[in-house]
Number of protein chains: 2
Amino acid sequence: MRQEMLTSILSDLNGTSADIEASAIISSDGLMMACLLPSGLDEDRIGAMSAAMLSLGSRISQELGRGGLEQVLVKGDRGYVLMTSAGDDAVLSVLAKPNARLGLIFLDVKRAAEATRKLI
Amino acid sequence: MRQEMLTSILSDLNGTSADIEASAIISSDGLMMACLLPSGLDEDRIGAMSAAMLSLGSRISQELGRGGLEQVLVKGDRGYVLMTSAGDDAVLSVLAKPNARLGLIFLDVKRAAEATRKLI
């Protein structure tokens with residue numbers, strides 16, 4: 001039931017922009033809670049990578065005086081990974097295309113992370 | 001001599017925006033090459049954190065099909081850390097204020113990273 005509601009948040013999110021290729025909600029220890037991924041992408045890999053990045057990002061944010069972690073954006077030459085805290089226990093990860101309109105994606109992902117936080 | 005030129009790149013960069021609080025050029029193994037930091041920020045800490053983040057970011061970018069790493073942005077509730085590859089051997093790290101105009105900072109940092117890449 002809760003998983004269906006989380007999947008529905010992801011489905012809404014992926015629908016907001018053709019630039020979003022995949023999305024997933026992951027517990028802070030790296031386990032998948034819900035995901036909408038294209039075939040060829042490994043759930044476990046996204047989970048483990050997101051949890052590791054959030055953990056290091058959180059430490060960097062604290063150590064360099066930037067406060068509590070909100071988001072980590074990784075830009076590669078073939079696209080973006082955007083990881084957003086959804087409360088203390090989960091992270092929302094999104095894969096986006098290289099020329100994605102980041103401003104819109106930040107906004108839509110922030111909303112989806114807020115909906116996720118309320119649900120879990 | 002080279003260090004003076006790197007410091008001059010940082011000085012120009014910090015001058016482009018009042019939102020930029022600090023900047024540093026760090027070798028890919030985490031050693032400081034040049035920096036303009038406010039007092040209270042530890043050089044070694046910025047170096048180590050930037051190198052760790054670039055290393056993990058690079059792995060995530062590859063593993064999730066995003067190609068070669070270009071940038072990592074960490075957003076905390078008290079500001080941003082933006083790390084940008086400057087060639088294979090260095091990273092340009094910038095600390096910015098919470099309400100920084102990200103579009104402008106991305107642009108200015110990209111230019112500074114390109115100038116750094118040419119120099120080292």
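Below, chains carry the letters A, B, ... as their sequence lines are ordered, and counting in each starts from 1.
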> What option among Leu41(A), Leu56(A), Thr84(A) has the most heavy-atom pairs under 4.5 Å with chain B?
Replying inline: Leu56(A)
>> Within this structure, what is the CE-OG distance for the pair Met53(A) and Ser55(A), rounded to the nearest 0.5 Å?
In response: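 Here the interatomic distance stands at 11.0 Å.
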> At what distance, to the nearest 0.5 angstrom, does CG of Asp89(A) lie from CD1 of Ile120(A)?
Replying inline: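 These two atoms lie 6.5 Å from each other.
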> Would you call Arg117(B) and Glu114(B) a salt bridge, using N to O less than 4.0 angstrom?
Replying inline: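 Looking at Glu114(B) together with Arg117(B), the answer is yes, because their closest N to O distance falls below 4.0 Å.
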Within the 4.5 Å heavy-atom criterion, are [X] and [Y] side-chain neighbours or not?
X: Leu10(B); Y: Leu92(B); answer: yes
X: Glu43(B); Y: Leu37(B); answer: yes
X: Met83(B); Y: Met49(B); answer: no

>> Quick check on the structure: residues of residues 62-82 of chain A within a heavy-atom distance below 4.5 Å of chain B, by number.
In response: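 Only Glu63(A), Leu64(A), Gly65(A), Arg66(A), Gly67(A), Gly68(A), Leu69(A), Glu70(A), Gln71(A), Val72(A), Leu73(A), Val74(A), Lys75(A), Gly76(A), Asp77(A), Arg78(A), Gly79(A), Tyr80(A), Val81(A) of residues 62-82 of chain A have a heavy atom under 4.5 Å from chain B.
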> Among residues 15-32 of chain A, which ones touch chain B with a heavy-atom distance under 4.5 Å?
Replying inline: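 Those residues of residues 15-32 of chain A which have a heavy atom under 4.5 Å from chain B are Glu21(A).
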For [X] and [Y], indicate whether the former's side chain and the latter's backbone hold a donor-acceptor pair under 3.5 Å.
X: Thr116(A); Y: Ala112(A); value: yes
X: Ser50(B); Y: Ile46(B); value: yes
X: Ser8(A); Y: Glu4(A); value: no

> Do you know the tightest heavy-atom contact between Ala34(A) and Thr7(A)?
Replying inline: CB-OG1, 3.8 Å
>> If I measure from the heavy atoms of chain B, does Ala96(A) come under 4.5 Å with its side chain, its backbone, both, or neither?
In response: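 The answer is the backbone of Ala96(A).
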